[in-house]
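Taking it in order: structure first as structure tokens, then the write-up.
Letters A, B, ... are given to chains in the order of the sequence lines, protein chains preceding strands, and every chain is numbered from 1.
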Amino acid sequence: MSLRQGGLLKLTMVFLALGSVLQFILQFVASVSFLPIKIPALPLLTRLGEVGIYLSFVSIVTLSFLIWPKVKALLPLGLILMISPVFTIVPDYFASPWWIALEVGVVVLGIVAIVESLLKATPLSLLNLPTFFMVIILMWVALDVDVVHSEALLNYLALFDASVLGFALYTLVWKTKGLRMRRALASYGGAVPALFVFLPLYFVVSGNRFMEIIMNMVMPSVFGIVFSNPYSLPVFVLSLSLALYFIVALALKGNFLASLGYFMIVTTTFLGVNGYHLILYMIYPLVGSVLLNVGDEGASILSKLSKSVQR
Amino acid sequence: MMRSSLSSRKLFLIATVGMLVAALVMGLASVPMAQTTPQVVAYKITGTANLSAPGTEQFWSNIAWDNISLTANIPQAPTSGITHYVLVKAAWNGTDLMILMRWYAPSPAYGAWSAAAGALYPPASGPGLFRLIELTPGTTYYMNTSYSNYYAVVNGVPKSGRLILNYSGITLPTPNGTQIEVLSNGTIILYHSLRPMEDLLYNNGMFYGYYTNSTWYYPDRAAIMWYMGTVIPPTSDCMNIGGKFPGQTFDGFTLKDAGGSLQQQGGAANIWMWVSGATWANKTYDPAFATNLWQNESLTGLPYIDPGNQGFAVPLYTNNTDMYEVDTAGIWYAPVSSSGLNGSLFFVKTGATYSDGYWTVEYVRPLAVPQAYAQWMPNFTVGNTYYVAFAVWQGKLGETLFDKSITSGFLQFTLSTSPPSQTTTTTSTSTNTTTTTPPSTTTSTVSNVTLDVTVVGAVVAIIALVALYVVFRR
């Protein structure tokens, strides 16, 4: 079965997309709810966000079972996630040293899954290397916090900017030949509204010192990112706007898997700064990275490598 | 063919309904999702705290430091976020919880009063008795003489009219009697700053930090915040900047929030605040202990006597409404209750030392709190996850009140029934006491067990992958 085919896979992706958006809404709403602004239908949004978390959980487990023949490391990852709620009935389970072993296992499996999916992806996926680097670095940061109890202070914004740049190039280059010009232009045009989800915030924080101070607290609270330079907020908002724009543009161009994967990465990877708090959040950017790699069809890096070796 | 299409359609339907039902059932039943390892763990130990020599007890040597990054509470203020990390250890012995904090502070704020404690003692003198605020560079002022009943003091000279501050076209009229000093480079220093004034300056982009010099500075502080709210997990450990109480009207402005109230919606927290100029129990460098303030009931209004000359941490309680002192006196903040809290001010005991460029502060508190305190202080029991945040102030470098270094969010905390394992590496520090030498370096330690399980986790994952690839290589 091709990954782009199969009704069940499509259904799972739809649920995963829905769950990811809803859980991101929860992340956002929970963080801005203390501000002196009225959020319409706050209780409803909170409840929907909670449902989104569980929908994401079910979707990721299902997805890992569906695409494990292509990315084998996803199978144990999905199994761990599936049984993880069972551990919560064991008192003090999270304080056991064996829980550290499980977390390390998740990270190892996740990294192998990224490498495996990258090798089986087209060479175009190499443009997303900065993203994979960012995800793996954040995994290390999370383990550093959870296992060694030491927080790393890195320039996370530089990692993010490099990742956005790579993803933007990936979006622009993807199917430059196979796609009609009209479809491509429609995709870039249709994605413009996505640019304006966060872009107004850029103008607000650039010109309003008070809002800059407030958003300097809100954005790290939503995304988990910590700025090494407090004046970096406008750059982060700008990068975020571009990331969302290219996510939607890529989805409209037809690569829904990769666009969903990148959305999953952007919304959760920096939660690693505080140790992710949930196993689900730890697995989220790993699965997102895999989706980023399986979204394209064509000769894989591995086959090209083996051909060049044969020559 | 038709049957196959029908069965695949059925499968599709079952999968759709199955996934939705599973998600909804899990959501409605609030099935707990597995969390990651807590970031701070208190280990079960045998022994008791020695607050006269904090950190030297034998049991601490078996526990690794948690290295916790701190960030600026006010990102734009150069005086905020001076302490980049704090080292933390935690232990419990069956009756008491002990938390050890250690942080690099090149210039300890000896002899500076905590302003609230100093206000109780009429002969109090020296640094810290009131706050000086440095306004954002570029801020200017002018006198609006149409306010004939107003006056201001500029560089010690009284001037009639209302003093108006101006920053980038934003103007802020100041209260009657405002006192400023304009330095030779144009920097404006505001004297005797009141809490509502700080809120107004901050919200108008004019708060640049607290001003210090060699003779005027603020006490050092360290605080531990225990989340007690109903919204789990909490997403923010930030507090509101505001007035003395919610809705306070100050000089024509209405301040929505009370300063110190918790931003996290539905949140509440207990805070243990150690202050070098009030709770240190050092007769030489802590002016409150030097003047036996805490033994003086007529000044403190507290119906208890000498707590045994031990240091303590002020217990505070914050929620969305206000910041309170878990006490009946209300020395720092409004009292949380008017009666029934005897002894609460000294309930969290501390010991502190400064050496080799580092502050070391040990907090000790019974795991269980008396019934009368339970509404404002958490009980600690095995098997529960708590959320904790840390903050540090370096008063000589301008940090005080809301200008501080804090953890970027709450960390998970739990009591472990296991004893600490032996550490494989030890903390290395250089021994310098002057500010001109490079800062000491400290390395985090890794226990043998942690190392073992890390290796086991990686090895098991690799074995599982190899088995998977071998069995399903086609």
Per-residue contact mode, B/Thr16 against chain A (heavy atom under 4.5 angstrom): both
Any A/Leu55 side-chain heavy atom under 4.5 Å of B/Leu20 side chain: yes
Derivation and outcome, side-chain contact (heavy atoms from CB on, under 4.5 Å), residues B/Met26 and A/Val58: CA-CA 10 Å; B/Met26 289 179 83; A/Val58 173; 4.2 Å; yes
Check: A/Tyr54 side chain, B/Val31 main-chain N or O, donor-acceptor pair, under 3.5 Å: yes
Chi angles and distances behind the side-chain contact (heavy atoms from CB on, under 4.5 Å) call for A/Val108, B/Val460: CA-CA 10 Å; A/Val108 170; B/Val460 169; over 6 Å; no
Atom group of B/Leu468 that falls short of 4.5 Å from chain A, counting heavy atoms: both
Contacting region of A/Leu75 [heavy-atom separation from chain B under 4.5 Å]: side chain
Segment of B/Val382 engaging chain A (4.5 angstrom heavy-atom cut-off): side chain
Considering all heavy atoms, the nearest A/Ser84-B/Ala34 contact: O-CB, 3.4 Å
Largest heavy-atom contact set with chain A, pairs under 4.5 Å, which of B/Ala23, B/Ser168, B/Gly18, B/Ala461: B/Ala23
Engaged part of A/Thr12 at the chain B interface, taking heavy atoms whose separation is under 4.5 Å: both
Under 3.5 Å: donor-acceptor pair, side chain of A/Lys72, backbone of B/Phe472: yes
Engaged part of A/Glu103 at the chain B interface, taking heavy atoms whose separation is under 4.5 Å: side chain
Proximal component of B/Ala464, with respect to chain A [non-hydrogen, under 4.5 Å]: neither
Pairs of heavy atoms under 4.5 Å with chain B: top-ranked of A/Ile89, A/Val51, A/Val112: A/Val112
Residue selection (most heavy-atom pairs with chain B, distance under 4.5 Å) from A/Tyr281, A/Tyr276, A/Phe15: A/Phe15
B/Ile462 CD1 to A/Leu109 CG distance, which is reported to the nearest 0.5 Å: 9.0 Å
Interface residue of largest heavy-atom contact number with chain B, from A/Ala142, A/Ala73, A/Ser56, A/Gly224, under 4.5 Å: A/Ala73
Chain B contact via A/Tyr93 - which portion, at a heavy-atom distance below 4.5 Å: side chain
Audit row: A/Val147, B/Thr454, side-chain contact (heavy atoms from CB on, under 4.5 Å) steps and yes/no: CA-CA 8 Å; A/Val147 180; B/Thr454 303; 3.8 Å; yes
side-chain contact (heavy atoms from CB on, under 4.5 Å) assessment of B/Gln35 paired with A/Thr88: CA-CA 8 Å; B/Gln35 66 173 64; A/Thr88 62; over 6 Å; no
Check: B/Thr36 side chain, A/Gly275 main-chain N or O, donor-acceptor pair, under 3.5 Å: yes
Which atom of A/Thr62 lies closest to which atom of B/Met19, heavy atoms considered: OG1-SD, 3.7 Å
Under 4.5 Å from any heavy atom of chain B - which part of A/Leu102: neither
Among the listed options A/Phe87, A/Phe57, A/Trp99, A/Trp68, the residue most often paired with chain B at heavy-atom distances under 4.5 Å: A/Trp99
Chain A interface, residue from B/Thr385, B/Val41, B/Val459, B/Val40 that has the most non-hydrogen pairs under 4.5 Å: B/Thr385
Residue B/Ile170 versus chain A: region with a heavy atom under 4.5 Å: neither
